[in-house]
Engineer: 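Have a look at this one.
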There are 2 protein chains.
Amino acid sequence: MKKENITIYDIAKEASVSPATVSRVLTGSAKVRPQTMRKIVDVMEKYHFRPNSLARSLLYKQTKTIGFILPDINHPFFSTLVLKSEAHALKLGYTSFLCNTMNNAINESNYLQSLIEKQVDGIIYLGGRINDSVPDKQYAEKLKKVMERIPVVFVNGRMEGVDAHIVRADEETGIERLVELLVNLNHQKIGFLGGVEGITSTDVKKAAFIQLMEKKGLEVNSEWIFGNGFSIESGEEVAAQLLSLNERPTAVICANDLVAIGMIKVLTKFGLKVPDDISVVGFDDIYLAEHFPPGITTVSQNYEQLGQTAINVLVDLMNHKQIEKEIIVPTSLVLRDSCKLL
Amino acid sequence: MKKENITIYDIAKEASVSPATVSRVLTGSAKVRPQTMRKIVDVMEKYHFRPNSLARSLLYKQTKTIGFILPDINHPFFSTLVLKSEAHALKLGYTSFLCNTMNNAINESNYLQSLIEKQVDGIIYLGGRINDSVPDKQYAEKLKKVMERIPVVFVNGRMEGVDAHIVRADEETGIERLVELLVNLNHQKIGFLGGVEGITSTDVKKAAFIQLMEKKGLEVNSEWIFGNGFSIESGEEVAAQLLSLNERPTAVICANDLVAIGMIKVLTKFGLKVPDDISVVGFDDIYLAEHFPPGITTVSQNYEQLGQTAINVLVDLMNHKQIEKEIIVPTSLVLRDSCKLL
DNA sequence: CTGTTAGCGCATTCAT
DNA sequence: ATGAATGCGCTAACAG
C-alpha cells in the first residue's frame, strides 16, 4: 500500500482555492478572507488534515525536535531528569528523541549519527562518553564536528578537549555539605564509596571529599575509598567489602543513592544498623531515598531546575544567543534518618 | 544564521559527478564504478556529510520513527518497559519519540497530534486514556481516525469502542498465582489494595482476584478492597486505612509494587512486621521489589518480552502483515520474602 | 555505469 | 486577497 497522504493540494482542490491560500490559513502568515478561510477549515476538518511537518522542516531547516543521549532511562536519576527536561521542552514546543546508549559506545555513535540525520535542532547529552575523564580522542573529534552544526549541551559532564556548553549540578558543594554534616555529628572516620573511577561525576565528588577532609585536618584513609558502580548491586558489594575491613569508618558517603540503598540493605542483613552502627549518606535524592528505610540523607540534584536550565541553554544556543559556557545549578542537602550523632 | 547544509549537490559538484551518482553510493541502489565511488566517499568524508533524512522520509513516506505515549517515565514500570522496547526498536532501525503525558489529557492530545505531524511510522501506547474503562468518546473517535493511517499498539490497555491491536501481560493469571500462593500459605482473609477504579489494569486485576476468591469459596470482604493510586504515597495511605480497620486481612495483594512498598513502609513504622504480622505481595516486579526489605513477592511483567512483542506487532502492522488482534504475554510469579505461612 | 528530470508536501516570493 | 511558480534535499525513473 502506498500511504496516500492528504496534502494541501487536496484541500485546495476541494475548497476551490490555491494551495498557497491553504498554506496561509495553516501558518496565519497572511490575511485570508473569512469566507474563504471557513471553507478551507471545513475541508481540512472533514479530512482530518494535518500538515506534514517533514516538508515544513525541510523548508524551515528546523524540526522542533531535541535528542536526549543518556546511558539508561531505567536509572531513577535519568528518568527524573529526562522527565523534567522533556516537560519543559514540550512547553517550548519541542518533541524529544530518547536515546538509551546502555553505556555501549557503538550505540552512542549510532544514535549521534541518527540524531544528526534526523536533523534535531539540538542535543542534550546526559551521560555516556562525555563522562569519561579520559575521553576517546576520535569520538571527541566527532563530537566537535557535530557541535559546529548542532547545539549540544552537556549535563553533569565534561569532555576534555571538547569545549561544550555545560549545565551541571553543584556536586562539589553538595559533597561538602555532606562532609560538614557528618563532621558536625562528630564523625571523623569517613569513607567515600561507590562510583566509577574515571567518570567525571565520581572524580569530582571524590576530589571535593578529599579536599574538604584535608582542609578540616581529618584523615583521608584510602582504605575507606573504594567501590565500582552506580547500582544497588554495587552498593551491596561495597558493603561486603566494608564489613571485612579491620577498622571501619563511622560514616560513609556513597556516590549515589542507589549505592547507599545497596549498602544499607547488606549492612542491615549483617546486623549493622543504620544509622545506629554506621551513618550512610547518598547523593541525587532519587524518589526512593525518601522511602527506603530509614530514609536516606542525601543531596538533591534539583532535577527540575537542572532540566529546565539545560533546555533553556540549548534553546538559547539554537537562537544564537550569547550564553555562558558553564552554568552551575545549586544542589541542596536533604536531611533524613540515615546518619546520626556519633 | 542560515543553516547552510551540505547536500548531495555540493558533494556531486566537488566530486565532478551528478547528484544521482552520489545518491547511488548513499543507498547502494545501483552499481557505481569503484573509482567514482572512492572519489565520492572521499568528498563525503571530507565534509562529514550525512544525508538529510527529512528529505528521504518525505520521499519514502516513512520516517523509521516510533512514538511512545505513556503517563510518566519516572515510574519504574514504564521506564523499564520503555527501555526494553526502545532497545528492540533500535535493533530494527527505529528511533523513538518519548511522550510523557503526565496523565494530562491535553498533553496527550497534543502529543498524539504532534506524532502524526512528525509522520511517525507507528505508535506504542503504554498508558493514559487508553486505560480508562469508560473512555472519552471524542478521544476514542480521534484515535480511531489516527489508526486508519498509522499503526497503533496498546500495551496493557484497551479502550472501549476502539478496536486496536493489543499486547498485554497476563495480569489475570498473575493475580491468580498470587491468590493461590497466599491460599497455600493458609491465608483466607485476603485484601486487594491500591490501584484506581476505572483504570483497566486495576479493574482486570480486581476482577481476577474476586473471581478466584469466590471460586475457592473464600470470602471477598469489600472492606478489604480499597485504595486509590499507583504510587508509594498511595500505598502509605492505604496502609493507614488498613490499620484503622476493625478486622484486618492476614494478607493483601497490592495493585503494584510501589503500593506494596508504601504499605510495608507504614506498617513497619507502626510496628507491624511484614511478613510476620501480615503478608503483602505486589505486582510488576520493578527492580526495587527485590531490594526493598524484606524483598517483595510479586508478579513479573516480563518487560523484555512484553516490550519486544509490542514492537514486533507494531512493525508487522507497518508492513501490513496480518496479525492477531490481541497477544498475551505470560507473567510469572517471583517468590521473595514478603509473605509467609499463616 | 552515469546524467537529467521530476516530485515528495509545504511555504514563500512575485504577480495580479 | 489570492494564484502561479520555485525550492528545501533526496531518490527513482528514464535516457543515454
Side-chain angles (χ1 to χ4, degrees), chain A residues 1-41 43-44 47-65 114 116-121 149, chain B residues 1-41 43-44 47-65 116-121 149-150:
Chain A
M1 145 180 137
K2 269 270 177 67
K3 214 162 107 189
E4 288 304 338
N5 284 327
I6 304 149
T7 75
I8 54 168
Y9 287 90
D10 304 322
I11 304 296
K13 198 187 294 174
E14 178 132 352
S16 318
V17 296
S18 79
T21 306
V22 177
S23 174
R24 286 186 185 104
V25 343
L26 238 34
T27 59
S29 58
K31 286 186 209 324
V32 175
R33 190 156 19 117
Q35 189 179 336
T36 351
M37 165 95 93
R38 257 210 75 63
K39 211 166 43 178
I40 293 172
V41 169
V43 179
M44 293 202 308
Y47 290 101
H48 294 86
F49 170 80
R50 289 277 83 211
N52 182 329
S53 76
L54 294 176
R56 192 178 276 185
S57 293
L58 190 58
L59 208 54
Y60 285 165
K61 296 177 195 309
Q62 63 156 307
T63 54
K64 296 302 257 179
T65 271
S114 169
I116 296 166
E117 294 179 11
K118 287 196 156 48
Q119 312 291 122
V120 294
D121 293 340
R149 316 215 104 263
Chain B
M1 145 181 136
K2 267 272 177 65
K3 211 162 111 190
E4 286 303 336
N5 285 326
I6 305 149
T7 73
I8 55 169
Y9 287 90
D10 304 322
I11 304 297
K13 199 186 292 173
E14 179 132 351
S16 316
V17 294
S18 78
T21 306
V22 177
S23 173
R24 288 194 252 272
V25 342
L26 237 36
T27 59
S29 57
K31 285 185 209 327
V32 176
R33 192 159 15 119
Q35 190 179 332
T36 340
M37 165 97 90
R38 257 211 76 62
K39 210 167 44 179
I40 293 173
V41 169
V43 179
M44 293 203 306
Y47 290 102
H48 294 87
F49 169 80
R50 288 276 85 211
N52 182 330
S53 75
L54 293 176
R56 193 179 274 184
S57 293
L58 191 57
L59 207 55
Y60 285 164
K61 295 178 193 308
Q62 61 157 307
T63 54
K64 296 301 256 179
T65 272
I116 296 166
E117 293 178 11
K118 287 196 156 47
Q119 313 291 121
V120 295
D121 294 339
R149 317 213 104 265
I150 305 176

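Sequence lines set the chain letters: A, B, ... in the order given, protein chains first and strands last, and positions in each chain run from 1. Bear in mind that the values here come from a model prediction, so they are computed numbers and not experimental data.
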Engineer: Map B:Leu59 and B:Thr21 onto DNA chain C by nearest heavy atom, then report which one ends up closer to the 5' terminus.
Structural biologist: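 Mapping each residue to its closest nucleotide by heavy atoms, the 5'-most match is B:Thr21.
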
Engineer: What's the closest nucleotide to the side chain of A:Thr7 if the choices are C:dC10, D:dG3, C:dA11?
Structural biologist: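 My answer, after comparing the listed nucleotides, is C:dC10.
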
Engineer: Before giving the answer on side chain to side chain contact (heavy atoms under 4.5 Å, CB included), spell out for A:Ile8 and A:Phe49 the whole-Å C-alpha distance, their side-chain angles and the decisive distance to 0.1 Å.
Structural biologist: CA-CA 8 Å; A:Ile8 54 168; A:Phe49 170 80; 3.7 Å; yes

Engineer: Within the structure shown, what part of the strands sits under 4.0 Å from A:Ser53 by heavy-atom distance: base, sugar-phosphate, or nothing?
Structural biologist: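 It contacts nothing in the nucleic acid.
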
Engineer: Round to the nearest Å and state the distance from B:Lys13 atom NZ to C:dT2 atom P.
Structural biologist: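 From B:Lys13 NZ to C:dT2 P: 20 Å.
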
Engineer: Could you tell me whether the phosphate oxygens of C:dT2, OP1 or OP2, come under 4.0 Å of any side-chain nitrogen or oxygen in B:Lys31?
Structural biologist: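 Looking at the OP1 and OP2 atoms of C:dT2, neither is under 4.0 Å from any side-chain N or O of B:Lys31.
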
Engineer: Return the value, rounded to whole Å, for the distance between atom CZ of A:Arg56 and atom C1' of C:dT12.
Structural biologist: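 Rounded to whole Å, this separation is 13 Å.
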
Engineer: Nearest whole angstrom, please: distance from the P of D:dG7 to the CG of B:Asn52.
Structural biologist: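 For the pair B:Asn52 CG and D:dG7 P, the rounded distance is 18 Å.
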
Engineer: Could you give the CZ-to-P distance, from A:Arg33 to D:dT2, as a whole number of Å?
Structural biologist: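 Roughly 5 Å, once rounded to whole Å.
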
Engineer: How is B:Leu26 classified with respect to the nucleic acid when contacts are heavy atoms under 4.0 Å: base, sugar-phosphate, or nothing?
Structural biologist: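 If one applies the 4.0 Å heavy-atom cut-off, B:Leu26 turns out to touch the sugar-phosphate alone, with no base involved.
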
Engineer: Report the nucleotide, chosen from D:dT11, C:dC10, C:dG9, that has the shortest atom-to-atom distance to any side-chain atom of A:Leu58.
Structural biologist: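 Of the options given, the side chain of A:Leu58 lies nearest C:dG9.
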
Engineer: For B:Pro19 and A:Val32, take the nucleotide of DNA chain D holding the closest heavy atom to each; which residue's nucleotide lies nearer the 5' end?
Structural biologist: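 Upstream on the strand: A:Val32.
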
Engineer: Between the main-chain N or O of A:Thr7 and the side-chain N or O of A:Asn5, is there a donor-acceptor pair closer than 3.5 Å?
Structural biologist: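 Between the backbone of A:Thr7 and the side chain of A:Asn5 there is no qualifying donor-acceptor contact (under 3.5 Å).
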
Engineer: Rounded off to whole Å, could you give me the CD-to-P distance for the A:Glu117 and D:dC10 pair?
Structural biologist: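 Atom CD in A:Glu117 sits about 10 Å away from atom P in D:dC10.
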
Engineer: Without decimals, in angstroms, what is the distance between A:Ile8 CD1 and D:dA4 P?
Structural biologist: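 After rounding, the reported distance stands at 13 Å.
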
Engineer: Over how many whole Å does the gap from B:Met37 atom CE to C:dC1 atom C1' extend?
Structural biologist: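 Whole-Å distance recorded here is 12 Å.
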
Engineer: Using atom CG of A:Leu54 as one end and atom P of D:dC10 as the other, report the distance to the nearest whole Å.
Structural biologist: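 Atom CG in A:Leu54 sits about 14 Å away from atom P in D:dC10.
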
Engineer: Please tell me which of B:Ala55 and B:Ser29 maps to the more 5' nucleotide of DNA chain D, matching each residue to the nucleotide holding its nearest heavy atom.
Structural biologist: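 Counting from the 5' end, the first nearest nucleotide belongs to B:Ala55.
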
Engineer: By the 4.0 Å heavy-atom rule, please label A:Val17 as base, sugar-phosphate, or nothing.
Structural biologist: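 Sugar-phosphate, no base atom in range.
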
Engineer: Report which part of the nucleic acid B:Thr36 touches: base, sugar-phosphate, or nothing (heavy-atom distance under 4.0 Å, all strands).
Structural biologist: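 The answer is sugar-phosphate, as B:Thr36 gets under 4.0 Å only of primed atoms, P, OP1 or OP2.
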
Engineer: Show the numbers, then the answer: is there a side chain to side chain contact (heavy atoms under 4.5 Å, CB included) between A:Thr63 and A:Lys118?
Structural biologist: CA-CA 8 Å; A:Thr63 54; A:Lys118 287 196 156 48; over 6 Å; no

Engineer: Give a yes or no on whether a donor-acceptor pair under 3.5 Å exists between the nucleobase atoms of D:dC10, that is its base, and the side chain of B:Tyr60.
Structural biologist: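 Looking at the base of D:dC10, it does not pair with any donor or acceptor on the side chain of B:Tyr60 (distance under 3.5 Å).
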
Engineer: Is the side chain of B:Ser23 donor-acceptor paired with the backbone N or O of B:Pro19 at a distance under 3.5 Å, no angle test?
Structural biologist: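 No; zero donor-acceptor contacts below 3.5 Å.
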
Engineer: Mind checking whether B:Arg56 and B:Leu26 have side chains closer than 4.5 Å, heavy atoms only?
Structural biologist: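 They are in side-chain contact.
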
Engineer: Would you indicate what A:Ser23 reaches in the nucleic acid, counting non-hydrogen atoms under 4.0 angstrom: base, sugar-phosphate, or nothing?
Structural biologist: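 The residue A:Ser23 makes base contact.
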
